[in-house]
Amino acid sequence: TCDLFYVLQLNDQGETKGEDGLGNLKSHTVGAYVKGKICSQIDYGGTFAYQFGDWGQDHIDAYGLNASAGYTFAHPWKPRLGLEYSYASGDSDPTDGVRETFSAVLGAVDTKYGRVNLFNWMNLQDYQAAFSIAPTKRLKILLEGHHFRLADDNDAWYWASGKAMGRDMSGS
């Protein structure tokens, strides 16, 4: 599977606040999603997205990526080991008029499902290992471990809503 996508975020009310002042939001996101199998036991997937445009008076230059791979053992319970890495760029200089923080335009913002609710896909690195089994067709058990880090120390952690939850502009 290979899907190409384009997403436009547009707000022409002049209320988007960038580093250099208020203005319009016109964010373009282009990217690709791939998913497949090398053979019956090895699977892979990935997403790459690049953003450009205007965020208030600032220029947007940001990107996000995700890569995953897994191995499913030949057993009736289909045990699977998987590795995954997610990255969303952060803003290295919060005063230069360039927004480098990737804005997660894809995915759900809710209160019930998974890691999406801990952080947003913004200024984030996530190293993940997973193990799953499917003892029946209707039951799958999944164990995941995550190691979260900031992509750029000068930027913030972001809530699922996209609001910054903490930022040290010195990068300390």
Side-chain angles (χ1 to χ4, degrees), residues 1-35 44-69 82-130 142 144-172:
T1 302
C2 180
D3 291 325
L4 303 177
F5 58 86
Y6 169 78
V7 178
L8 172 65
Q9 287 180 291
L10 182 61
N11 181 340
D12 60 2
Q13 302 298 307
E15 59 193 20
T16 301
K17 184 178 180 186
E19 298 164 357
D20 288 342
L22 291 174
N24 294 331
L25 167 63
K26 188 173 186 179
S27 174
H28 306 272
T29 304
V30 294
Y33 165 78
V34 296
K35 182 178 181 178
Y44 65 90
T47 302
F48 178 79
Y50 175 69
Q51 292 177 333
F52 59 95
D54 299 305
W55 186 282
Q57 296 296 314
D58 303 342
H59 171 70
I60 301 170
D61 185 17
Y63 67 97
L65 61 90
N66 169 273
S68 65
L83 295 174
E84 190 167 341
Y85 176 72
S86 297
Y87 180 89
S89 63
D91 198 343
S92 62
D93 184 348
T95 62
D96 66 355
V98 178
R99 180 177 172 85
E100 297 169 294
T101 304
F102 181 75
S103 294
V105 296
L106 307 171
V109 177
D110 56 38
T111 59
K112 296 181 174 37
Y113 306 108
R115 73 176 191 255
V116 171
N117 301 303
L118 297 175
F119 313 111
N120 202 323
W121 193 25
M122 302 170 73
N123 190 40
L124 178 72
Q125 293 184 71
D126 177 11
Y127 301 86
Q128 176 186 339
L142 173 65
E144 294 181 352
H146 296 266
H147 178 71
F148 295 105
R149 298 179 52 92
L150 292 174
D152 195 297
D153 292 340
N154 293 316
D155 204 343
W157 286 110
Y158 291 91
W159 294 109
S161 66
K163 182 178 179 183
M165 67 172 91
R167 180 179 200 155
D168 180 355
M169 290 175 57
S170 73
S172 299

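Counting from 1, the numbers follow the sequence of the chain as shown. All values derive from a computational prediction rather than experimental measurement.
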Closer than 3.5 angstrom, by distance alone: can the side chain of [X] be matched with the main-chain N or O of [Y] as a donor-acceptor pair?
{"X": "Asn24", "Y": "Gly14", "result": "yes"}
{"X": "Asp54", "Y": "Gly56", "result": "no"}
{"X": "Asp155", "Y": "Asp91", "result": "yes"}
{"X": "Glu100", "Y": "Ser92", "result": "yes"}

For the residue pair [X] and [Y], confirm or rule out a side-chain donor-acceptor distance under 3.5 Å.
{"X": "His146", "Y": "Tyr127", "answer": "no"}
{"X": "Ser27", "Y": "Gln51", "answer": "no"}
{"X": "Asn123", "Y": "Thr101", "answer": "no"}
{"X": "Asp126", "Y": "Tyr87", "answer": "no"}
{"X": "Asn66", "Y": "Thr47", "answer": "no"}

pair [X]-[Y]: side-chain heavy atoms closer than 4.5 Å:
{"X": "Lys26", "Y": "Asn11", "value": "no"}
{"X": "Ser86", "Y": "Gln125", "value": "no"}
{"X": "Phe48", "Y": "Val34", "value": "no"}
{"X": "Gln57", "Y": "Leu22", "value": "no"}
{"X": "Tyr85", "Y": "Leu65", "value": "yes"}
{"X": "Gln9", "Y": "Leu25", "value": "yes"}

| request: Please identify each residue that fulfils ring pair (Phe, Tyr, Trp, His ring centres under 6.0 Å) with Tyr158, with sequence neighbours left out. | output: none
| For His59, what residues pass the ring pair (Phe, Tyr, Trp, His ring centres under 6.0 Å) criterion, not counting sequence neighbours? |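 Listed in chain order: nothing, the list is empty.
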State the [atom1]-[atom2] distance between [X] and [Y], to the nearest 0.5 angstrom.
{"X": "Lys17", "Y": "Glu15", "atom1": "NZ", "atom2": "CD", "result": "13.5 Å"}
{"X": "Trp157", "Y": "Asn120", "atom1": "CH2", "atom2": "CG", "result": "12.0 Å"}
{"X": "Gln128", "Y": "Ser68", "atom1": "CD", "atom2": "OG", "result": "8.5 Å"}
{"X": "Thr29", "Y": "Phe102", "atom1": "OG1", "atom2": "CZ", "result": "6.0 Å"}
{"X": "His28", "Y": "Leu10", "atom1": "NE2", "atom2": "CG", "result": "8.5 Å"}
{"X": "Asp93", "Y": "Asn154", "atom1": "CG", "atom2": "CG", "result": "7.5 Å"}

| Which atom pair, heavy atoms only, marks the closest approach of Phe5 to Ala32? |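 So the minimum-distance heavy-atom pair works out to CE2-N, 3.5 Å.
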| query | Considering all heavy atoms of both residues, which atom of Ala151 and which atom of Ala88 are nearest to each other, and what is their separation? | reply |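 Nearest heavy atoms, Ala151 then Ala88: CB-O, 3.2 Å.
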| task | Report the C-alpha distance between Asp61 and Phe52 in whole Å, list the side-chain angles of each, state the deciding distance to 0.1 Å, and finish with yes or no for side-chain contact (heavy atoms from CB on, under 4.5 Å). | result | CA-CA 5 Å; Asp61 185 17; Phe52 59 95; over 6 Å; no
